[in-house]
Amino acid sequence: MPSRPRLLRAGDVVRFDGRVHTVAALEGTAVRLVDEAQSASVVMLAPLLSSTGFEVVTPASVRAVVPAAGVLEELPAQAVERAEWWQRHLVEMLTGRPLDDPQGSVRAEYDPSAKSLRQRELTKAAELAATGHASSLALIQRMRRRFEDEGVLGLVDPRLRAVSDGTGRADRRVVEALRRVVDEQTGRSTVSAQVLRRRMEGELEAEHGPGVVPLPSRTAFYRLLKTVASGRHTLGSARTRRSLAKQPDGMFGQLTAARPGEVMEIASTPLDVLVVHDDGTVDTVELTGIVDIATRTLAAAVNSPQGSGQASPTATTGSSTEPRPFTTWSESKDPKSSLTGRHPG
């Protein structure tokens, strides 16, 4: 069984059908490839990833993460120059080719197909020492990991790229105390801003003593609270606030399926219609569907009374492997009532 491939992106260089191709575009499950003779072809994603001899030639590490627009421009010129210097050496070490000539010949001492990563790191350390830029192996490895995780921005001194949290010049003790109060408010009933202010003052007195930390004015406090509680519904609906708190801290990851049935996604959604059920009752329904990621095929779709639990993940998965028999509408029911959402009569 082939191992799970990485996510493909436009610009990747891949080996397929005994030739080297460049991924020109991805449209749904179709991948447009252009070979070295500039001959274009379109291949479905699943057969491509599972084909014999398929290989992603472009290393994942050379895909620099694009920093936020304007971030590098705001940094000191010397720091940007140093980051770009590291980028040139790291790209050469990882790919064997210079940064400004990605299609050029591979240097033998940095050839990924002939040298291990550690061998290339040791060679780069010796090369830098010989040119008067002595760098330890540990430093090169640390910079390489930062480059792989964050792109060229990761090569900038973290102290120079610290992003403002929007609290301006507010006393950090006040900011931290207010953050704790806002965090504790997540599971509580909604209260006014003045209650939160009193709790913040209590935090400061308990930690630093009465009158030690200067308190912000009323206007400054409201402005600070708006920044600290941004997007958390601290003064809004408690239900929404708790729901937001359950979301993951980072964005969802990406997943590549190489074979049909390898990854299936299931979800339910209510339908804004009324239908007549088998027992003659009129109620709303929800649609539960299961999709195969590799082929983008709808494997099963089940309608059931909303909140009944009849279309559970287990039942829907079972329907994808053993479809239910086709049933017709009973003559005793008015089809229009379910289609239009009107109660019969």
Side-chain angles (χ1 to χ4, degrees), residues 1-16 18-23 36 48-68 71-72 75 78-162 250-251 253-258:
M1 180 178 293
S3 60
R4 181 187 299 279
R6 295 185 301 100
L7 183 71
L8 282 181
R9 300 179 186 175
D12 275 353
V13 178
V14 301
R15 194 181 311 280
F16 170 64
R19 292 176 294 167
V20 174
H21 303 259
T22 299
V23 178
E36 295 174 309
L48 173 66
L49 297 180
S50 59
S51 63
T52 303
F54 173 79
E55 176 189 6
V56 178
V57 179
T58 305
S61 54
V62 302
R63 295 190 185 157
V65 178
V66 179
V71 170
L72 292 180
L75 298 172
Q78 185 177 1
V80 175
E81 182 181 352
R82 183 67 174 172
E84 292 175 343
W85 179 85
W86 269 112
Q87 182 186 24
R88 289 193 297 273
H89 285 286
L90 291 172
V91 169
E92 182 182 52
M93 182 187 75
L94 292 167
T95 68
R97 296 184 172 90
L99 177 64
D100 55 359
D101 188 14
Q103 302 301 325
S105 58
V106 178
R107 290 183 58 180
E109 57 269 38
Y110 295 120
D111 187 352
S113 63
K115 303 291 184 180
S116 68
L117 178 58
R118 183 173 180 82
Q119 287 176 320
R120 285 175 278 153
E121 290 173 340
L122 290 170
T123 301
K124 179 58 69 175
E127 178 184 302
L128 293 178
T131 58
H133 298 87
S135 301
S136 66
L137 176 62
L139 175 60
I140 292 176
Q141 291 174 333
R142 184 165 63 251
M143 298 302 284
R144 188 252 308 163
R145 287 191 292 267
R146 284 164 55 177
F147 179 58
E148 291 175 338
D149 293 339
E150 304 177 65
V152 66
L153 185 61
L155 304 177
V156 179
D157 188 334
R159 294 171 295 182
L160 299 176
R161 57 190 177 98
M251 63 182 181
Q254 301 184 35
L255 187 63
T256 301

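Note that these values count all heavy atoms, side chains included, but never hydrogens, waters or copies made by symmetry. If you read the sequence from its start, that first residue is 1, and numbering goes on from there.
- Checked against side-chain contact (heavy atoms from CB on, under 4.5 Å), Ser135 has the following partners two or more places apart in sequence or in another chain: Trp86, Leu128, Leu139, Ile140.
- Taking CD of Gln87 as the reference point, atom CE of Met143 lies at 11.0 Å (rounded to 0.5 Å).
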*Pair Phe147-Val91, side chain to side chain contact (heavy atoms under 4.5 Å, CB included): steps then yes or no*: CA-CA 9 Å; Phe147 179 58; Val91 169; 3.9 Å; yes
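- Each salt bridge (Lys or Arg N to Asp or Glu O under 4.0 Å) pair with one or both residues in residues 125-136, not counting sequence neighbours, appears once here: Arg107-Glu127, Lys124-Glu127.
- Looking at Leu122 and Leu137, their side chains come closer than 4.5 Å, going by heavy atoms from C-beta outward.
- Annotation: side chain of Val14 is not in contact with side chain of Thr22 (no heavy-atom distance under 4.5 Å).
- For Arg145, there are no side-chain hydrogen bond (donor to acceptor under 3.5 Å, both in side chains) partners, not counting sequence neighbours.
- Judged as a side-chain hydrogen bond (donor to acceptor under 3.5 Å, both in side chains), and not counting sequence neighbours, the contacts of Arg15 are Glu55.
- Side-chain contact check for Tyr110 versus Thr95: every heavy-atom pair is 4.5 Å or farther apart.
- With a 4.5 Å cut-off on side-chain heavy atoms, Arg82 and Leu155 do not count as touching.
- For residues 110-123, the set of pairs meeting the salt bridge (Lys or Arg N to Asp or Glu O under 4.0 Å) definition, not counting sequence neighbours, comprises Glu121-Arg144.
- Between the side chain of Glu92 and the backbone N or O of His89, no donor-acceptor pair lies under 3.5 Å.
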